[in-house]
Amino acid sequence: MAQAPVNVTVTGAAGQIGYALLFRIASGQLLGADTPVKLRLLEIPPAVKAAEGTAMELDDCAFPLLQGIDIFDDARQAFDGTNVALLVGARPRSKGMERGDLLEANGGIFKPQGEAINAGAADDIRVLVVGNPANTNALIAQAHAPDVPAERFTAMTRLDHNRALTQLAQKLGVSITDIKKLTIWGNHSATQYPDIFHAEVNGTSGAAAVNDDAWLRDDFIPTVAKRGAAIIEARGASSAASAANAAIDHVYDWVNGTPEGDWTSAAIPSDGSYGVPEGLISSFPVVSRNGSWEIVQGLEIDAFSRKRIDASVQELSEERDTVRKLGLI
Ligand code: NAD
Ligand code: LMR
């Protein structure tokens with residue numbers, strides 16, 4: 001029997017990440033080459049026409065797996081029956097905006113989207129938040145979807161993970177596939193901590209292979225953590241194709257499992273592991289088994305790493321306090 005299509009909702013579909021993402025979903029890269037998809041695009045009314053243009057282009061690709069495209073400016077309709085929700089559309093920080101203002105503006109987007117997911121999404125719904133501040137936006141959406149298992153709400157740090165892989169591979173002159181078990185901890189922000197102490201490079205420890213503390217501290221960590229800002233500076237716009245690529249990687253691995261002998265990074269609700277307060281949506285080393293993310297347990301965290309993980313987690317706690325005070329969670 002032919003497989004039923006999977007409904008994938010993409011918010012901010014007419015934006016630049018949307019444009020880089022939709023064609024890859026429709027071609028089968030999000031879920032697998034045998035899985036048909038139906039796209040449900042959510043935009044704000046002024047951007048619906050642009051989304052319609054993208055849908056015309058999707059039609060013009062004649063993707064065999066694409067079984068339909070619907071466009072909405074109403075969240076309840078967009079999430080009705082959806083299996084995978086990619087929450088990309090968000091309110092960008094504008095000049096003079098404080099962090100609290102940004103969180104409040106995004107609360108106006110992610111609260112109703114959480115409610116809409118709660119009201120009508122399919123039982124197996126999986127949510128990936130890409131729109132910034134991604135971790136706390138995910139927390140807001142999750143708080144308004146009490147009937148959906150909390151662990152179905154995740155935020156994207158896979159782009160940071162991929163950035164770290166390339167920086168380390170270039171430093172060591174090895175290929176990406178030679179590196180395993182790298183980790184991004186904490187927030188998708190400049191406080192994130194890319195950790196190579198548990199990484200393996202062709203079987204040896206990543207930190208030992210590098211053997212250069214100054215590079216690790218003053219080059220690798222800040223380069224990865226501030227890469228988003230560096231892209232904005234260079235391109236005049238934030239990362240789009242690489243962000244879309246990371247979203248594809250995150251969902252593909254979540255649904256299909258991570259390879260044996262490796263792990264990846266994703267921001268998922270903390271169960272208290274590694275001293276991260278329960279409930280915070282923080283990046284961890286994770287594997288995906290049977291369709292669920294699991295935090296890799298038992299890693300030893302030295303003082304160098306502890307300080308950096310704690311700083312990023314502290315920022316997440318402060319963001320949570322702010323949205324609590326604003327009544328958003
Ligand atoms: P963009 O401005 O090009 O597109 C955003 C789109 O979202 C716009 O078309 C806008 O109309 C739409 N939108 C706004 N409010 C909406 C709502 N309530 N419902 C539906 N759609 C809505 O931005 P972009 O470059 O595509 O980036 C999107 C977000 O992703 C930004 O917040 C950006 O900071 C973030 N981002 C995250 C990562 C990450 O690694 N987590 C990486 C890159 C970018
Ligand atoms: C990125 O990491 O590229 C983005 O989150 C940067 C941004 O602020 O949109």
Side-chain angles (χ1 to χ4, degrees), residues 9-22 40-55 71-79 82 85-94 97 99 102-103 105-117 127-138 140-141 154-164 166 184 186-192 194 222-251 264-268 281-283:
T9 299
V10 179
T11 76
Q16 44 151 11
I17 295 177
Y19 195 74
L21 184 59
L22 293 169
R40 303 176 74 77
L41 313 184
L42 178 64
E43 259 297 351
I44 52 173
V48 161
K49 187 146 191 269
E52 285 169 358
T54 306
I71 301 171
F72 305 96
D73 62 9
D74 174 82
R76 295 265 169 161
Q77 290 174 20
F79 292 112
T82 207
L86 301 173
L87 308 190
V88 178
R91 172 75 197 275
R93 189 192 289 258
S94 46
M97 211 179 194
R99 202 155 73 179
L102 183 70
L103 289 165
N106 277 293
I109 296 174
F110 288 87
K111 177 174 181 247
Q113 291 185 357
E115 288 167 348
I117 287 168
V127 182
L128 171 62
V129 177
V130 175
N132 281 321
N135 303 52
T136 299
N137 287 340
I140 294 169
T154 66
M156 192 166 92
T157 53
R158 185 61 172 263
L159 177 54
D160 310 292
H161 182 96
N162 289 343
R163 287 167 170 166
T166 297
I184 304 294
N187 201 1
H188 172 68
S189 76
T191 67
Q192 67 177 267
T223 296
V224 174
K226 295 181 190 163
R227 186 71 162 184
I231 303 275
I232 292 171
E233 175 68 25
R235 248 173 51 84
S238 70
S239 59
S242 57
N245 178 68
I248 296 275
D249 285 350
H250 177 114
V251 173
T264 187
S265 305
I268 67 171
I281 298 187
S282 184
S283 189

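First listed ligand is number 1; within each ligand, the first listed atom is number 1. Note: hydrogens, waters and symmetry copies are ignored here, and every other heavy atom, side chains too, is used. In what follows, residues are counted from 1 in the order of the sequence shown.
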What pair of heavy atoms forms the shortest contact from [X] to [Y], and how long is it?
X: I184; Y: S283; value: O-OG, 2.6 Å
X: R91; Y: L102; value: O-CD1, 3.3 Å
X: E43; Y: A14; value: OE2-N, 2.9 Å

message = I'd like to check which ligand 2 atoms, numbered from 1 as shown, lie under 4.0 Å from a non-hydrogen atom of S239.
response = 1 (C), 3 (O)

inquiry  = Show the atoms of ligand 2 that are less than 4.0 angstrom away from any heavy atom in N132.
reply    = 4 (C), 5 (O), 7 (C), 8 (O), 9 (O)

ask   = So, does H188 sit close enough to ligand 2 that a heavy atom of it is under 4.0 Å from the ligand?
value = yes

inquiry  = Less than 4.0 Å is my threshold; does some heavy atom of I231 fall inside it relative to ligand 2?
reply    = no

query = Of all the non-hydrogen atoms in the protein, which one sits nearest to atom 6 (C) of ligand 2, and at what distance?
reply = G228 CA, 4.0 Å

Side chains of [X] and [Y]: closer than 4.5 Å at any heavy-atom pair?
X: R163; Y: I231; value: yes
X: L22; Y: L41; value: yes
X: N106; Y: I140; value: no
X: V48; Y: I71; value: yes
X: F110; Y: L103; value: no
X: T157; Y: Q192; value: no

ask   = Do R163 and ligand 2 have an N or O pair less than 3.5 Å apart?
value = yes

message = For ligand 1, give me the residues whose heavy-atom distance to it is below 4.0 Å, by chain and number please.
response = G12, A14, G15, Q16, I17, L42, E43, I44, A47, V88, G89, A90, I109, Q113, V130, G131, N132, M156, L159, H188, S238, S239, A243

